J.: 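Let me begin by handing over the structure; questions about it come next.
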Amino acid sequence: MSKAVSGFSKLSKSEKIDWLSVTFFNNSDKIKKVLQQYWNSNNVLQNLHDDFIENTISNFYMPFAIAPNFVINGKIYAIPMVIEESSVVAAASLVAKFWSTRGGFKANVISTTKIGQVHFMYKGDKQELQNYFSLKKKELFIATADITKNMRKRGGGILDIELRDKTGDLANYYQLHVTFETADSMGANFINSCLEAIANEFKKDTSTGSVQDIQIVMSILSNYVPECLVRAEVSCKVEDLYAENAEILTKKFIQAIQIANAEPHRAVTHNKGIMNGVDAVVLATGNDFRAVESGAHAYASKTGTYKSLTNATIENGIFKFWIEIPLAVGTVGGLTKLHPLSKLSLELLGNPSAKELMEIIAVAGLAQNFAALRALTTTGIQKGHMKMHLTNIIKQLGASKEEKAFLINYFEHKTVTHNAVVEAYQKLVGDK
């Protein structure tokens, strides 16, 4: 039986599920029940979710949690986080409480410039192209006037348009490199609309001179935003960082970062931990975590070697730990106000501006990295992680409420591994 299908998008949701069940699950009623049990009973809300993307058949739930007690620039936050990894929110909450008594987090946005590019090919004389661009530049701004009107009212718009010669990297390749300010919007659709208008105008003839054979390849924003940058940091006396052996352990903490800067294999995992915190808040606020991820990892490679996004120092007995990370996020547009939980998340955060949200997200990433490095250089990462993972293992085993309580108590002071939990459970059941 062929598993190919035509006109799938035109089927109703129920028809899609019927086809799926027949084609891939031997017409099982179980698959239908699994999908339907995640439908929202509120039809209006369910229809809203169905319209987010194409070919929806159900909702995929992710835990929505809160990490309280974050003090950022003197203000207390409870940060919303959407993530499936059990230890992330617990770690963030512990770190928030730890630093709340040590001055809290300081954060500031360094810059908010975003980038878009019109990529094109041109085989003619370089100077003629430069002359044409110089004559045409004003018209390129005018071509976007209707698109940028509302954005300009909010303090945003196109900052500059440059002609860049990239023929040293690829034969005949040039680009119009455009910088934007998008205020409280992430601005992807705005930027792309401007770029397409610029491209259409650029390839037109003009009375002041024209260049033939400009071949537009594509017009698209860049998710590499090294000039949309935020910094967050914490600091305290070295003796306030650990209850015992503070100087030795602080040096180990810094050495762990130095290793991440020297060894890309470690740096990737190091930064992945940072993104645990970053992505969780980006998701909760309805922003694009894929764009944030790609931009952050590109920034980590800006020197030509993939390195840590965080750094730390000890100077005059003071420990300082900070992150600099590019974050293109918004508090208007997209799903930020359309998805009810994203809207709730932003309200929980006090309806922040895009700059304030950048600061909050950077702090979440820094907190996550602090928790990981502190654990790695003391007790090891698995002790806390597996304690959090214990309840998931117990659920997989199908343990009763009483059995769960026994196992949690049993592993209170024991090392948690999957095999150890299985063995303890089997012994418990066998003893019964």
Side-chain angles (χ1 to χ4, degrees), residues 67-73 79 81 85-107 231-278 280 296 300 305-325 362-390 411-417:
N69 300 319
F70 273 93
V71 178
I72 306 174
N73 295 334
I79 296 182
M81 306 182 86
E85 191 167 331
S86 56
S87 59
V88 169
V89 178
S93 301
L94 287 171
V95 171
K97 190 172 183 179
F98 178 88
W99 283 107
S100 69
T101 61
R102 292 163 174 81
F105 294 82
K106 307 293 188 295
R231 177 188 172 104
E233 69 175 50
V234 286
S235 62
C236 70
K237 294 179 180 179
V238 169
E239 58 261 34
D240 293 337
L241 203 57
Y242 296 91
E244 298 177 356
N245 303 317
E247 188 172 342
I248 293 172
L249 292 174
T250 303
K251 287 180 179 178
K252 282 183 68 177
F253 187 103
I254 292 174
Q255 286 167 346
I257 298 175
Q258 291 170 338
I259 289 170
N261 280 325
E263 172 51 64
H265 285 84
R266 171 58 198 146
V268 170
T269 308
H270 176 97
N271 288 342
K272 183 270 180 185
I274 293 171
M275 302 314 290
N276 280 342
V278 169
T305 302
Y306 189 89
K307 293 179 178 290
S308 166
L309 289 165
T310 56
N311 279 289
T313 58
I314 302 173
E315 293 182 6
N316 300 319
I318 301 297
F319 167 79
K320 182 182 289 186
F321 178 50
W322 72 92
I323 186 171
E324 282 190 5
I325 185 170
V363 164
L366 185 68
Q368 212 62 46
N369 193 226
F370 180 83
L373 294 178
R374 189 177 172 88
L376 281 167
T377 55
T378 53
T379 59
I381 200 72
Q382 283 301 91
K383 182 178 180 180
H385 180 77
M386 291 308 292
K387 283 286 186 183
M388 292 299 300
H389 196 48
L390 174 61
F411 281 100
E412 179 66 28
H413 301 293
K414 292 181 175 63
T415 300
V416 177
T417 68

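Bear in mind the structure is a predicted one, so any value in this text is a computation, not a measurement.
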J.: Got a second to check how far Asn271's CG is from Leu309's CG, nearest 0.5 Å?
T.: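 Atom-to-atom, Asn271:CG and Leu309:CG are 4.0 Å apart.
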
J.: If you round to the nearest 0.5 Å, how far is CD1 of Ile254 from CD1 of Ile259?
T.: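 Here the rounded value is 12.5 Å.
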
J.: So does Val88 get a backbone contact from the side chain of Gln368, meaning a donor-acceptor N/O pair under 3.5 Å?
T.: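 Between the backbone of Val88 and the side chain of Gln368 there is a qualifying donor-acceptor contact (under 3.5 Å).
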
J.: Closest approach of Ala96 and Pro68, non-hydrogen atoms and distance?
T.: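 So the two residues come closest at CB-O, 3.4 Å.
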
J.: Determine yes or no for a side-chain-to-main-chain donor-acceptor pair under 3.5 angstrom, with Asn261 supplying the side chain and Ser308 the backbone.
T.: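 Checked: pair present.
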
J.: List the residues meeting side chain to side chain contact (heavy atoms under 4.5 Å, CB included) with Ala107, not counting sequence neighbours, and say none if there are none.
T.: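 Ala107 satisfies side chain to side chain contact (heavy atoms under 4.5 Å, CB included) with Ile72, Asn73, Ala232, Glu359, Val363 only.
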
J.: Taking the side chain as every heavy atom from C-beta outward, state whether Asn311 and Ile257 have any atom pair closer than 4.5 Å.
T.: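 Side-chain contact under 4.5 Å: yes.
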
J.: Assess the residue pair Ile325 and Met275 against the criterion (side-chain contact (heavy atoms from CB on, under 4.5 Å)); give the C-alpha distance rounded to whole Å, side-chain angles, the decisive distance to 0.1 Å, and a yes or no.
T.: CA-CA 10 Å; Ile325 185 170; Met275 302 314 290; 4.2 Å; yes

J.: If you look only at distance, which donor and acceptor atoms sit under 3.5 Å apart when one is on a side chain in residues 233-246 and the other is two or more places apart or in another chain?
T.:
{"residue": "Glu233", "atom": "OE1", "partner": "Arg231", "partner atom": "NE", "Å": "3.2"}
{"residue": "Glu233", "atom": "OE1", "partner": "Arg231", "partner atom": "NH2", "Å": "3.0"}

J.: List the steps and the verdict of side chain to side chain donor-acceptor pair (under 3.5 Å) for Asn369 and Thr310.
T.: CA-CA 8 Å; Asn369 193 226; Thr310 56; 2.7 Å; yes

J.: Which value, rounded to the nearest 0.5 Å, describes the distance between Leu249 atom CG and Gln255 atom CD?
T.: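 Reported to 0.5 Å precision, the distance equals 10.5 Å.
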
J.: Anything under 3.5 Å between a donor and an acceptor, one on a side chain of residues 312-323, the other on a protein residue two or more places apart or in another chain? List them.
T.:
none

J.: By the salt bridge (Lys or Arg N to Asp or Glu O under 4.0 Å) test, which pairs, at least two apart or in different chains, include something from residues 246-268?
T.: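 Passing the test, one end in residues 246-268: Glu247-Lys251.
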
J.: Tell me every residue that passes side chain to side chain contact (heavy atoms under 4.5 Å, CB included) with Ala364, counting only those two or more places apart in sequence or in another chain.
T.: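 Partners of Ala364 by the side chain to side chain contact (heavy atoms under 4.5 Å, CB included) criterion, ordered by chain and then number, come out as Val281.
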
J.: Apply ring pair (Phe, Tyr, Trp, His ring centres under 6.0 Å) to Phe370 and list each qualifying residue two or more places apart in sequence or on a separate chain.
T.: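 Applying ring pair (Phe, Tyr, Trp, His ring centres under 6.0 Å) to Phe370 gives Phe98, Trp99, Phe253.
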
